[in-house]
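All values derive from a computational prediction rather than experimental measurement.
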Amino acid sequence: MKTRGKEAVQQTEFFSEPTLKKLEEIMMTCTIDKGTMLFMDNEPADKLYFVQEGMIKGTKMTEDGKELVLSIFQNGDLIGELNALGNEKHSFSAVASTKSTVGVIHQTDLEEMMRSNGEMAVEFVRWTSLMHQITRSKLRDLMLYGKNGALCSTLIRLANSYGKMTEEGIILSLQLTNTELAELVGTSRETVSRMVSVLKKDKVLDQANDGSMIIKDLNYLKDMCNCEDCPVQVCRI
């Protein structure tokens, strides 16, 4: 994956400055290499991870052994699941797509801080609700509208997260291969290649000189996946 320009919409944007500062106080910063696993699916969810620099993929293995990319986390995003019941397990895996710097937050430290700070606790409830909305909306698009709808939905999310409006159309600053797109859609590279070719032929998509994808007709993509015009905080990659 290659990135340039605008970064993805942060899912922690609604955290207050005091909350972010308190999180910085209790997090331990570490640098990890590309390919390093932060955690595995079904492992105890006893930590949260704040992405300070780099890119982390949230993945899930399907029943037929294919890897589905659920999310792409970037600078300012928080990764993990709040351990509300004390025995929560991760419902997905997280792996570094690039060399990354993350802040590790132990949930025991976070719980202690939230006991004395009601506003922080409320903000984390909102964050948890947002993460559930994002996951539900992605699963809805993948399951209800077929591969074409899933691809169109993914392109809309990429536009919301990494898109820059120009005279040519919406240019995506995150450059993905067809293989990486296929992982986001849950299908094969060959299938995605065929669908992208059709969208280019129909002048829905184009390609810039540097290889960046250009979305020429966003309304076409919305029609294909029955877009509900979710808030950009939810409709993100």
Side-chain angles (χ1 to χ4, degrees), residues 1 8 10-12 15 19-20 22-115 120-121 123-143 154 157 161 179-180 182-187 233-234 236-237:
M1 298 178 183
Q10 298 171 345
Q11 27 90 321
T12 56
F15 278 117
T19 292
L20 291 173
K22 288 182 181 297
L23 291 178
E24 288 178 2
E25 292 173 3
I26 62 173
M27 68 175 63
M28 180 182 68
T29 300
C30 64
T31 300
I32 56 176
D33 292 327
K34 177 180 178 180
T36 301
M37 299 292 300
L38 282 181
F39 54 81
M40 295 282 290
D41 189 7
N42 210 38
E43 284 185 349
D46 57 356
K47 300 179 187 69
L48 295 176
Y49 302 86
F50 187 88
V51 184
Q52 297 174 345
E53 187 71 32
M55 182 181 295
I56 310 290
K57 288 193 303 185
T59 67
K60 184 79 174 179
M61 196 66 70
T62 62
E63 291 183 358
D64 56 359
K66 294 180 181 178
E67 185 180 63
L68 176 65
V69 176
L70 298 176
S71 300
I72 297 176
F73 301 100
Q74 266 223 357
N75 302 359
D77 281 341
L78 192 61
I79 308 172
E81 292 156 285
L82 204 58
N83 197 344
L85 302 177
N87 59 352
E88 299 282 347
K89 295 184 182 298
H90 289 294
S91 59
F92 63 96
S93 300
V95 59
S97 296
T98 64
K99 185 175 182 178
S100 303
T101 301
V102 297
V104 183
I105 302 168
H106 289 269
Q107 296 219 28
T108 50
D109 295 334
L110 180 61
E111 289 169 7
E112 186 65 31
M113 190 169 281
M114 286 195 293
R115 287 190 183 98
M120 175 185 280
E123 289 176 6
F124 266 93
V125 169
R126 291 172 179 163
W127 173 77
T128 300
S129 176
L130 172 63
M131 298 308 294
H132 287 164
Q133 289 182 62
I134 292 172
T135 301
R136 285 198 301 269
S137 67
K138 287 181 180 177
L139 292 177
R140 174 200 65 204
D141 294 343
L142 290 174
M143 296 175 65
T154 297
R157 294 176 189 277
S161 298
T179 298
E180 290 168 330
E183 291 174 347
L184 286 165
V185 175
T187 188
Q233 291 86 353
V234 174
R236 53 161 284 161
I237 200 64

Inset, instruction - Take R236 and I134 through the test side chain to side chain contact (heavy atoms under 4.5 Å, CB included) and record every step on the way to the result. - result: CA-CA 7 Å; R236 53 161 284 161; I134 292 172; 3.9 Å; yes

Inset, instruction - Mind checking ring-ring contact (aromatic ring centres under 6.0 Å, His included) for Y49 and listing every partner two or more places apart, or none if nothing turns up? - result: F39

Inset, instruction - Could you tell me whether the side chain of K57 and the main chain of V69 form a donor-acceptor pair under 3.5 Å? - result: no

Inset, instruction - Hey, could you give me each pair passing ring-ring contact (aromatic ring centres under 6.0 Å, His included) that has a residue in residues 53-82? Not counting sequence neighbours. - result: none

Inset, instruction - Verify side chain to side chain contact (heavy atoms under 4.5 Å, CB included) between F124 and L48, making sure each step is shown before the conclusion. - result: CA-CA 12 Å; F124 266 93; L48 295 176; 3.9 Å; yes

Legend entry - Full working for side chain to side chain contact (heavy atoms under 4.5 Å, CB included) between T135 and L70: CA-CA 8 Å; T135 301; L70 298 176; 5.8 Å; no

Legend entry - Backbone of L130 reached by a side-chain donor or acceptor of Q11 within 3.5 Å: no

Legend entry - E67 side chain reached by S93 side chain, heavy atoms, under 4.5 Å: no

Inset, instruction - Of all the heavy-atom pairs spanning K47 and Q107, show the shortest one and how long it is. - result: N-CG, 3.7 Å

Inset, instruction - Report yes or no: does D77 contribute a side-chain atom to a donor-acceptor pair with the main-chain N or O of Q74 at less than 3.5 Å? - result: yes

Legend entry - K22 bridged to E25 by N-O distance under 4.0 Å: no

Inset, instruction - Look only at the side chain of K99 and the backbone of T31, and say whether a donor-acceptor pair between them is shorter than 3.5 Å. - result: no

Inset, instruction - Please test L110 against M120 for side chain to side chain contact (heavy atoms under 4.5 Å, CB included), starting from the C-alpha separation and ending with a verdict. - result: CA-CA 10 Å; L110 180 61; M120 175 185 280; 4.2 Å; yes

Inset, instruction - Determine the minimum heavy-atom distance between H90 and D41, stating which atoms define it. - result: O-OD1, 3.0 Å

Inset, instruction - Check whether any side-chain N or O of E88 sits under 3.5 Å from a backbone N or O of L82 as a donor-acceptor pair, and report yes or no. - result: no

Legend entry - Under 3.5 Å: donor-acceptor pair, side chain of N42, backbone of S91: no

Inset, instruction - Among K34, E53, M55, find the residue that satisfies the side-chain contact (heavy atoms from CB on, under 4.5 Å) test when tested with T98. - result: M55

Legend entry - Distance-minimising heavy-atom pair for L78 and W127: O-CZ2, 3.5 Å

